[in-house]
Each structure stands twice: as C-alpha cells, then as structure tokens.
J.: 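Pasting a structure below so you can have a look.
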Number of protein chains: 2
Amino acid sequence: MKKAPRAPDDALETPRRRPTINDIARLAGVSKKTVSRVINASPFVRSDTRDRIQAVIAELGYAPDPQARGLAYGRSFLIGLVYDNPNPQYVVNMQLGLLDGMKGSGFELVVHPCDRESPTFLEDLRAFIERQRLFGVVLTPSVSEDERAAKLMSDIGCAYVRVASVSLDTPEHMIETRDRLGGREAARHLAELGHTRIGFISGPASFRSSHERRSGFEEALNEHGLTLSRTYVAEGAYTFDSGVERGRELLAIEPRPTAIFAANDEMAAGVLQAARQAGLRIPEDLSVVGFDDFQIASRLWPALTTVRTPTREIGRLAVERLLGRDDDVRDPKNRLPSLVVRDSTAPLKG
Amino acid sequence: MKKAPRAPDDALETPRRRPTINDIARLAGVSKKTVSRVINASPFVRSDTRDRIQAVIAELGYAPDPQARGLAYGRSFLIGLVYDNPNPQYVVNMQLGLLDGMKGSGFELVVHPCDRESPTFLEDLRAFIERQRLFGVVLTPSVSEDERAAKLMSDIGCAYVRVASVSLDTPEHMIETRDRLGGREAARHLAELGHTRIGFISGPASFRSSHERRSGFEEALNEHGLTLSRTYVAEGAYTFDSGVERGRELLAIEPRPTAIFAANDEMAAGVLQAARQAGLRIPEDLSVVGFDDFQIASRLWPALTTVRTPTREIGRLAVERLLGRDDDVRDPKNRLPSLVVRDSTAPLKG
DNA sequence: CTGAAAGCGCTTACAG
DNA sequence: CTGAAAGCGCTTACAG
C-alpha cells in the first residue's frame, strides 16, 4: 500500500518541521559552525557572511534549540529563582522583574521555593542546580543571606546573584536593596510630623533587612534630635500576628507612643488591629508606618503610610547582572526605597 | 613542565564528574540501552537485571541529564504555568501546588505570565512552548477560558490542562474548581443568618468564575425561599476600586441591603471601605462575604467571612493530570470551595 | 575568517 | 528480554 499523499498536512501550517542549524547552514552556503558563531555573537565572522546568515535566520524564523545548545555547552539556558520569602506579592513582583530582565535573551525562569530550616536544604538545592545544569540563580532574602548557599554556588560553579538589604558579597554577586534608606525615610516623616515618643517593631534578628531598617530609622531619628528609646522597641517576626502582639504591648506602655514604625506591612496591619482593639483612632491617636507597600497597604483602613521597595526593578537588575548585561547607565534612583504617604500618619496633636 | 598533581582537588568532593548513563552501564555490565529502559520504567527488563542496575544508580547517585534526555526524546522535561491572574496569592499558591505535584518527577516549573489582550499573545505563547519544547502546560483563569489558547496547544501537540470554574474541555484536559458550590455556600450562610435583602457584586462578565459564583449564589438563595433582586446586583471588575464603587452604590439604595456577597476578596475589601465611609458598622449594620480567602481576608477589620478555594490542592491535581499520575482515589472533598466564617457576618438584627 | 570531526548524554527504531 | 547503530541539534577543540 502506498503512503497516503500528505497534501492536507502541508496545507495546514502546523506540522512544518522547525528549522535547525543545518537548514540555515545549507541555505546560507556555509558550515554550521559558522552559523553557530553568528548565534553566539562571535566576532570572527566576516560581516557580509554574518548578514547573509542573519537574513536566512530571519526568513525561516529560526531559533536555536536551547536543549541541544545546553547539552553541548554543558549548561542549560535556565535561570533559577531560589527564595524563601513567604510574601506572595514579593515573590510575584520578583518573578516579573526577572522575566523583564531576561526578555528576548532566550533564557527561561525556573522557580525554586525552599526552606532554609529543612535538614536537606543544601542537598536539595545542589541536586536542583546540578540536575538542571542551571546557568545561574538569583537568591533572595533570606536565603540570599545564607553563606552556605553562596558557598555552594561557588563550589559547583553556578553563577549567582544575591539580592539583600546590604552588601554581603563581591559586587558582581550582589544587588543591594538598601533598606537602611527606607528606615531613614520613615524616621524623617515621623519627625517632621512632630512625633517624639516613637515605637519600633523590628523583624526577626536573623534577617539583615530587619537590622538595616532599624538602624536607618534610628540614625535618622538621631539626626532630627530624637532618640529611639529601648522601652519602645520590640522584636516581631515579620508576621501579622506578631504585629498584633507587639503592637498591643507597646500601646500598653505609659506614656503611650504616639507613632509606631513597623518593619513591614504585615506587622503594621497587626498594629492597626491592636490599636483598634485598644480603642485608639488612627491617625488621630496613633500614627503608623509600614514597610514594603504590598497590596495590603492600600486595602487597610486607614490606608497605610509605608516605604515602597521597587522589587520588580530590583529583580530586573539582578538578572541583568547575572547575564552580564547591566548598563549601569540607568538612573539609580528608581531602585531605592521611597516613602508613600497615605492616611495612617498625621501631625502630632498639639 | 609537568602537570601539577591534583590530589588537593580529589580531596574536595566538588569537582567529581557527574556519572552518566555510560558509567552505570559499565558498572552494571549491561548496555546503556538497558539502563535507559530502567530509567524509563520499561517492563522489558528482567527483574534481577533491573535490581542490579538500580543498585548501581543508587550507589553513584545517578540522575539522567534532562537536557540530553529531552534532546533525544524531542521534548523537554519542563512544565509551563501560563497565567494572567493578577492576584499574587493565587499565583504563588498555584505554583506551590504544581511543585507539590511534580516533586520527585524530574520535571521543573517554568513560569509564563501573559496578557490575553496583547496583539502578540498567541504568537508569544507559541514561541515560548515551541522553543523550549515544553512537555506540557497548565493554564489558569482567565487564559484557561480562552479557546484560542487551548486550540494552539492541540495544534502544536503540547499537553495541557485547563484549570477553570467549570468544564470547558474533555476530562483529561480539565480541572474544575466548581466555584458554583462556593456561591451556594455564601447564600446558605446569609440565608441562615436571616438576611433577605441581599446584594451581590459580580466580577466582569468575561470571567466564567464570576458567572458561576453568581448562579450558585442565586440558586441556593432560591432554595431557601429568597430571591436575588436585580436592584441589588451590580457588576464589578474583581478589583478593590470597583468594590468600593459598587459597594457605595448598593448601600445608597433604599431600602438598603443588609448583606452583600462580593465575588472576590478584593471587592469585599472595597465594600468594607464603602460601608465605613457610609458610617455603617460591620457586621451590625451590614454583613459582607467575599470569595478566595486570600491573605487580605484575615487582615481586614473586621476579618472577612469568605469562601476558600483550595488553590494549592487544585494546582497539584492539575500537574498530576498532566503527568497522567492522578490517583482519583483521594477524597475529592478537599478540592471543593468551603466557607470560612469570620467577623464580617452576623445574624440579621431583629 | 572558516570548516570537518568528534562529542555532549540520552533515546528511537531495528535486530536478535 | 537485551544490544549495536544512528541520531537528536548544537558546541568545543583543533586545523587551516
């Protein structure tokens, strides 16, 4: 029996085989090695040869197969996001930023949430990276603060960039979010509103960001002639519940603070809750400032004054550094924390 | 000059070359094809041969290279999450569920947010899938409701599963979230509290979930002898702002509704805001029910009564279906929407 | 500046 | 039940 004619298939555009490097080489009348040089932007190709090849590539809509490339190259075209930040908004914004930065690069993003407390944490991370032969990874807080993780990357020869509030590594491995500056903004705002009895709820001591936010805050208060009394400082856990608890405690102190800076929005939401339970009006009786500017900040009542961190922008910078593409010409201002004033802060009542 | 001795390197465990299929074959005394059969769980291997090979695999900690496997197989070991849901919590929970389902499978998760309104939407999606030779994709609302996207998957021969509120495809391509049942729960709750003048804020008409939530709500109200008056129905956009607007409008109607069901938490948060601005106490003057049970629900004041959808569980089911691994033995109850009663609802005042 | 050969680590036919 | 050959689509040395 003869093969059926395949005309109907050819009429559809679907089953058309994807062009390979061999097709391009044949049509351009060169060896596939030369096509490979063009793909990899090697300088050792005569410009007219290059043009001819690129024309064929464009015409056929050719894109090299990342798997084949990866196999030969000994390394995939995948970039991993390794994170343990529980806040969904942070994670999603970071992912969007990373994707922004890898757009058009042929790389794809593989996500890898992890748990630093797990006994198999490092082992799992290593298996993940080696199995996929990851091109590189971006580490975000708090994994980014884990020296064991950074050392692992060096050991297995995986490119990495650490996103953290402060520098923990050589510049090519770091994107700093400079949370300290955000703490300063919060302090300046409350000082300018005339507050003097000011409370602070930190994150857990194990988070660098918590330390940075606090020291920036304290530093700027001092510059305004104020001091952060230890009485009004409490250690939270970056969670809503800890915000409620610590808020309740701070508001029970006599004399009561007239303003509280919580080191993230979740805890600030908790403080609002505690204040309401204590019968205090916000911002009349108490000003509250958060940190992050996540979605929740504008949904609360009253809407929260907070410090915005440009997570998406930071994510973009992180991959660009990883891919060695960062211009460093861009205005650095939009990567810094900035204050967003809403309705939870007001001048101290005369 | 002689090569330096490499003893120091051998002392570290780092630069040890990863074992390949050839190493396993050699050590087990079989051909690599037989090793391949074991890797791919082929039944045509004598059990003692299999055991011997598996022992060697375990000893060397061998894992096949997904890139090499993919290249030969004509398909990668990557699974794509294609989504356009703007809610971070949904996205993150879905990702966690997918990862739960692919744990230990050797597959990895590649994320692909997209914009259905973009003129290059289908083209981009196609390029993404073909370039990476994705094994399969999970589509979530509202992309999952787009027939063009589903057709594209069929056309290019990419496995897919659609997550949607109601069946839109053959069973092997569907995971239903059955939002209608959630709507019913909301209705039952408000009816049992004695409410009769009940308002409803829908999502956009273009979302199936919005339709399902509403019709389940209306249906169950009817069963309780109540009707959903058109006067008290408004169309929102699943956004906070639309919740504020529609809430304000509904609360201006005489006689005022004593309860409002908003088709998602974001809009319910908006209703809370509108009620506060209208000087109404919640739940004394107005009961409010949301849908989703995202983080925000428990941070609002008062904490929101809402319908929880088990997104993470749904995600796990979706990949399992994609990988042909679903047991279908598991208790189906934990994949259904369920009511979470908090502080935003109360019995109708006598 | 360009190319022929060998190889990356697997799998798909095809034999036996 | 098992294996030798060829090939997936690229790149890395190595020549010229």
Side-chain angles (χ1 to χ4, degrees), chain A residues 16-54 56-57 60-78 106-108 130-135 157, chain B residues 16-54 56-57 60-78 106-108 130-135 157:
Chain A
R16 200 174 47 197
R17 188 179 58 85
R18 280 180 62 194
T20 72
I21 196 172
N22 290 307
D23 300 321
I24 306 298
R26 186 164 31 76
L27 268 63
V30 297
S31 76
K32 62 184 189 184
K33 175 59 210 172
T34 302
V35 178
S36 173
R37 287 201 179 85
V38 170
I39 295 170
N40 293 290
S42 156
F44 304 115
V45 181
R46 242 181 30 221
S47 69
D48 57 326
T49 312
R50 178 186 309 279
D51 292 347
R52 188 150 37 92
I53 295 174
Q54 263 161 349
V56 178
I57 288 180
L60 298 202
Y62 168 72
D65 182 327
Q67 294 202 104
R69 220 145 91 92
L71 180 59
Y73 185 57
R75 181 170 245 48
S76 75
F77 290 87
L78 299 175
F107 285 86
E108 293 292 340
E130 292 196 322
R131 187 160 10 85
Q132 300 296 326
R133 294 177 184 270
L134 250 45
F135 180 90
Chain B
R16 197 175 49 197
R17 189 179 58 82
R18 280 178 63 194
T20 72
I21 195 172
N22 290 305
D23 299 322
I24 307 299
R26 185 166 30 77
L27 267 65
V30 296
S31 75
K32 61 185 188 183
K33 176 58 210 171
T34 302
V35 178
S36 173
R37 287 201 179 85
V38 170
I39 295 170
N40 294 289
S42 155
F44 305 115
V45 180
R46 242 178 32 218
S47 68
D48 58 324
T49 313
R50 177 187 309 281
D51 292 348
R52 188 151 35 94
I53 294 175
Q54 264 160 349
V56 177
I57 289 180
L60 298 202
Y62 167 72
D65 182 326
Q67 295 202 104
R69 220 144 90 94
L71 180 59
Y73 184 57
R75 180 172 253 34
S76 74
F77 289 87
L78 299 175
F107 285 86
E108 292 293 340
E130 292 196 324
R131 188 162 8 85
Q132 299 297 325
R133 293 177 183 269
L134 286 190
F135 180 90

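Proteins get letters first, then strands, A, B, ... in listed order; numbering begins at 1 in each. We use all heavy atoms of the structure for the numbers below, so side chains are in, but hydrogens, waters and symmetry mates are not.
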J.: If every non-hydrogen atom of B:Ala63 is compared with every non-hydrogen atom of B:Arg18, which pair is closest and at what distance?
T.: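 Distance-wise, the nearest heavy atoms are O-NH2, 3.3 Å.
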J.: Taking only the side-chain nitrogens and oxygens of B:Asn40, find out if one of them lies under 4.0 Å from OP1 or OP2 of C:dT11.
T.: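 Affirmative; the distance criterion is met.
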J.: Between C:dG3 atom C1' and A:Ile21 atom CD1, what is the distance in whole Å?
T.: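 After rounding, the reported distance stands at 13 Å.
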J.: Can a side chain N or O of B:Thr20 be found less than 4.0 Å away from OP1 or OP2 on C:dG9?
T.: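 Checking C:dG9 against B:Thr20, no side-chain N or O comes under 4.0 Å of OP1 or OP2.
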J.: Starting from C1' on D:dC1, measure out to CZ on B:Arg46 and report it in whole angstrom.
T.: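 Rounding to the nearest Å, CZ of B:Arg46 and C1' of D:dC1 are 7 Å apart.
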J.: With the side chain of A:Lys33 defined as its heavy atoms from C-beta on, choose the nearest nucleotide among D:dA13, C:dT2, D:dG9.
T.: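 Among the listed nucleotides, the one closest to the side chain of A:Lys33 is D:dA13.
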J.: Mind listing the closest non-hydrogen atom pair of A:Phe44 and A:Arg37 along with its distance?
T.: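 What the structure gives for the nearest pair is O-CD, 3.8 Å.
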J.: Identify the residue among A:Val56, A:Leu27, A:Ile21, A:Thr49 that makes a side-chain contact (heavy atoms from CB on, under 4.5 Å) with A:Val35.
T.: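 Among A:Val56, A:Leu27, A:Ile21, A:Thr49, the one meeting side-chain contact (heavy atoms from CB on, under 4.5 Å) with A:Val35 is A:Ile21.
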J.: Nearest whole angstrom, please: distance from the C1' of D:dG9 to the CZ of A:Arg75.
T.: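 Spelled out: CZ on A:Arg75 to C1' on D:dG9 is 19 Å.
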J.: Give a yes or no on whether a donor-acceptor pair under 3.5 Å exists between the nucleobase atoms of C:dG9, that is its base, and the side chain of B:Arg18.
T.: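 Under the 3.5 Å cut-off, the side chain and the base do not form any donor-acceptor pair.
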J.: Ignoring backbone atoms, test whether B:Thr34 places a side-chain nitrogen or oxygen under 4.0 Å from the OP1 or OP2 oxygen of D:dG3.
T.: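 For B:Thr34, the contact criterion (side-chain N or O under 4.0 Å from OP1 or OP2 of D:dG3) is met.
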J.: Check the distance between D:dG9's P and A:Phe77's CZ and give it to me in whole angstrom.
T.: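 Going from CZ in A:Phe77 over to P in D:dG9 covers 16 Å.
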J.: Might you point out which heavy atoms bring A:Ala25 and A:Ser31 nearest each other, and give the distance in Å?
T.: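 Looking at all heavy atoms of both residues, the shortest contact is CB-C, 3.8 Å.
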J.: Quick check on D:dA13: is either OP1 or OP2 less than 4.0 Å from any side-chain nitrogen or oxygen of A:Tyr73?
T.: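 A:Tyr73 to D:dA13 OP1/OP2: no side-chain N or O under 4.0 Å.
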J.: Can you tell which of C:dG7, C:dG3, C:dG9 lies closest to the side chain of A:Arg133?
T.: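 That would be C:dG9.
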J.: Can you tell me the distance, in whole Å, between the CZ atom of B:Phe44 and the C1' atom of D:dG3?
T.: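 It works out to 16 Å between those atoms.
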J.: Check the distance between C:dG3's P and A:Lys32's NZ and give it to me in whole angstrom.
T.: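 Taking atom P of C:dG3 as the reference, NZ of A:Lys32 is at 13 Å.
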J.: Can you name the closest pair of heavy atoms from A:Leu78 and A:Phe107 and give their distance?
T.: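 In this case the closest contact between A:Leu78 and A:Phe107 is N-CD2, 4.2 Å.
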J.: Starting from the 5' end of DNA chain D, give me the residue, B:Arg37 or A:Asn22, whose nearest nucleotide shows up first.
T.: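 The 5'-side residue here is B:Arg37.
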J.: Find the partner of D:dA13: check Watson-Crick (N1-N3 plus N6-O4 or O6-N4) and G-U wobble (N1-O2, O6-N3) distances, both under 3.5 Å, and reply none if neither fits.
T.: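 Check on D:dA13: unpaired, no WC or wobble geometry under 3.5 Å.
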J.: Starting at CZ of A:Arg69 and ending at P of C:dC10, how long is that distance when rounded to a whole Å?
T.: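 Rounded to whole Å, this separation is 21 Å.
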J.: Measure the distance from CG on B:Leu71 to P on D:dG9 and round it to the nearest whole Å.
T.: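 My rounded result for the distance is 7 Å.
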J.: Closest to the A:Tyr62 side chain: C:dT11, C:dG3, D:dC10?
T.: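 Minimum distance to the A:Tyr62 side chain belongs to D:dC10.
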J.: Let me know, please, whether B:Thr49 or B:Ala68 comes out on the 5' side of the other along DNA chain D by nearest nucleotide.
T.: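 Counting from the 5' end, the first nearest nucleotide belongs to B:Thr49.
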J.: OP1 or OP2 of C:dC10 less than 4.0 angstrom from a side-chain nitrogen or oxygen of B:Ser36, does that happen here?
T.: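 No, because none of the side-chain N or O atoms of B:Ser36 sits under 4.0 Å from OP1 or OP2 of C:dC10.
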